[in-house]
Amino acid sequence: MSAGKKDILDTAGINTRLGHLGHDPHAFHGFVNPPVVHASTVLFPSAEEMRAPPERQQKYTYGTHGTPTTDALCEAIDALEGSAGTVLVPSGLTAVTLPFLAYLSAGDHALIVDSVYFPTRRFCATMLKRLGVDVDYFDPGIGAEIETLIKPNTRLIHLEAPGSNTFEMQDVPAIVTVAHRHDCIVTIDNTWATPLYFRPLDFGVDVSIHAATKYPSGHSDVLMGTVSANAKHWPALTAAYTNLGLCVGPDDAYQILRGLRTMAIRLEHHQRSALHVAKWLEGRSDVASVLHPALPSFPGHALWKRDFKGASGVFSFVLNVDDATQFEEKAAAFLNALKLFGLGYSWGGYESLAVPVQLGDRRVCKQPKEGPVIRLQIGLEDVEDIIADLERGFAAVAAAGG
Ligand SMILES: *Cc1c(COP(=O)(O)O)cnc(C)c1O
């Protein structure tokens, strides 16, 4: 990219940046989009070039080590995250587990936020345990008190703000300050906010993780993860990536870059509609509470307001059900009555979704007593139609059981 254009993009608005980051059309015959390079073999011009040390070798050497397509996406993500380097992995879950494998060794200890994405906890309980890494879970509201949980062998603290399904915020800068005092790496699963609404590295976090499957894809059809590290922690990350033989397909990388072009516009719509629906839910007597960081009534609201630039379209609410034996039945009545909302887990697409939330894995952030938790992804449909569909759910709850 020309120096002049790069300078403009560094200070431009987010839609301008998303429209131009990651590929210089004039570097490839003027085509607006980058080429989709399908490649395993890369040819060298001579035996001498093949034997040259990596830093003096030609830019591309082997399919798994990057192509112009994957580079275009990595460059765009680095610009958005402010990171020294980004790797692309086959799923969001791989994006969480790769840094654990990169930075943790047998005998180490890690601290993980209790409201973590469940498969992250499963990885720790199975693979990390087998590899001799010890894990403890902490209350998302712990802040600087996390110091009391740090042991001499604590190497890594993993955050997810807000947390999965219950959306607890964390005091990221307070935790980072303590972590770095004890030489611990801080990783964060930043999937909910995307780099548009929270830039973890600006707050001292070392590694930012995304399920690009969600908003960057935006269309419920591509699986991918991204891991972005600061300069200090980039070498170990890229070494683990290479050692494990990880890579992604060029068509998928292309689709994620394509998704980024419209991500800010989509997020703005998700944000507006989700907040509208959250406020509407908050006013209902059949709703016990709404778990959305942008609502002033939410316990983590002040942290969200201090550190985040926006809220995406996923949040939960607690149905008001007096009798605990009816939680499951009432939640099922609500979900089964929805016509527009699909019942499905992987969010971030254009369509509205609802899921019953299970909190059985939690040690600290347990199931509320007031009723079952239902998570919503508010899609890009017209918000009046979304609310009309939710009305169908509440009518079914009222009609169900005793
Ligand atoms: C969906 C999700 C993931 C996993 O992404 P996949 O691509 O589905 O593996 C990781 N973290 C969070 C917070 C998620 O919501």
Side-chain angles (χ1 to χ4, degrees), residues 73 77 81 86-101 112-124 126-127 137 140 158-170 172 187-198 200 205 207-228 244 246-249 251-253 255-256 259-260 263 267 270 274 291-293 300 304 308 311-316 342-351 353-359 361-362 365 373 375-379:
L73 177 55
I77 305 269
E81 288 281 348
T86 291
V87 292
L88 309 177
V89 293
S91 70
L93 181 56
T94 315
V96 180
T97 59
L98 173 64
F100 294 169
L101 293 173
I112 296 186
V113 68
D114 191 50
S115 44
V116 75
Y117 178 64
F118 169 71
T120 299
R121 190 189 301 263
R122 187 180 58 203
F123 179 80
C124 296
T126 53
M127 228 160 184
Y137 293 87
H158 179 69
L159 308 175
E160 188 183 317
S164 274
N165 297 324
T166 40
F167 302 92
E168 293 87 351
M169 293 299 302
Q170 290 127 66
V172 175
T187 59
I188 190 168
D189 186 333
N190 195 32
T191 299
W192 183 85
T194 84
L196 273 50
Y197 291 160
F198 185 61
V205 172
V207 177
S208 177
I209 293 158
H210 288 279
T213 304
K214 307 290 169 55
Y215 290 117
S217 160
H219 295 75
S220 305
D221 53 1
V222 187
L223 292 158
M224 193 177 294
T226 67
V227 193
S228 305
L244 283 164
L246 288 167
C247 58
V248 300
D251 295 305
D252 291 345
Q255 293 288 3
I256 297 295
L260 285 183
M263 189 166 78
L267 273 175
H270 285 294
L291 313 178
H292 188 310
W304 173 81
F308 283 54
S312 60
V314 184
F315 66 95
S316 293
L343 309 186
Y345 290 106
S346 185
W347 45 269
Y350 50 85
E351 79 290 15
L353 299 169
V355 293
V357 170
Q358 316 289 340
L359 298 169
D361 62 313
R362 300 285 175 85
C365 312
V373 181
R375 189 187 76 196
L376 301 177
Q377 126 113 349
I378 302 303

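The structure presented is a predicted model; accordingly, all values stated were derived computationally and were not measured. Order of appearance sets the numbers: ligands from 1, and atoms from 1 within every ligand. Excluded from the calculations below are hydrogen atoms, water molecules and symmetry mates; all remaining heavy atoms, backbone and side chain alike, are included.
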Return the residue, atom name and 0.1 Å-rounded distance of the protein heavy atom closest to [atom].
atom: atom 2 (C) of ligand 1; answer: K214 NZ, 2.4 Å
atom: atom 7 (O) of ligand 1; answer: T213 OG1, 2.6 Å
atom: atom 4 (C) of ligand 1; answer: Y117 OH, 3.3 Å
atom: atom 9 (O) of ligand 1; answer: L93 N, 2.9 Å

Subject >> Candidate with minimal heavy-atom separation from atom 11 (N) of ligand 1, of V222, T191, D189 >> reply: D189
Original post:
Looking only at non-hydrogen atoms, which of A212, S346, G92 approaches atom 6 (P) of ligand 1 most closely?
Top reply: G92
Would you say the side chains of [X] and [Y] form a donor-acceptor pair under 3.5 Å?
X: H158; Y: T187; value: yes
X: Q255; Y: H219; value: no
X: E351; Y: S220; value: yes

Subject >> Short N or O distance, A211 and ligand 1, threshold 3.5 Å exclusive >> reply: no
Subject >> Between F308 and F198, ring centroids under 6.0 Å >> reply: yes
Original post:
Looking only at heavy atoms, what is the nearest atom pair of F100 and T120, with distance?
Top reply: CE1-CG2, 3.9 Å
Original post:
Within less than 4.0 angstrom of ligand 1, does W347 place any heavy atom?
Top reply: yes
**OP:** Give a yes or no answer on whether the side chain of Y215 reaches the backbone of G313 with a donor-acceptor pair at less than 3.5 Å.
**Re:** yes
Original post:
How about P195 and H210: do any of their side-chain heavy atoms sit closer than 4.5 Å?
Top reply: yes
Original post:
Quick one: which ligand 1 atoms are inside 4.0 Å of a heavy atom on E160?
Top reply: 13 (C)
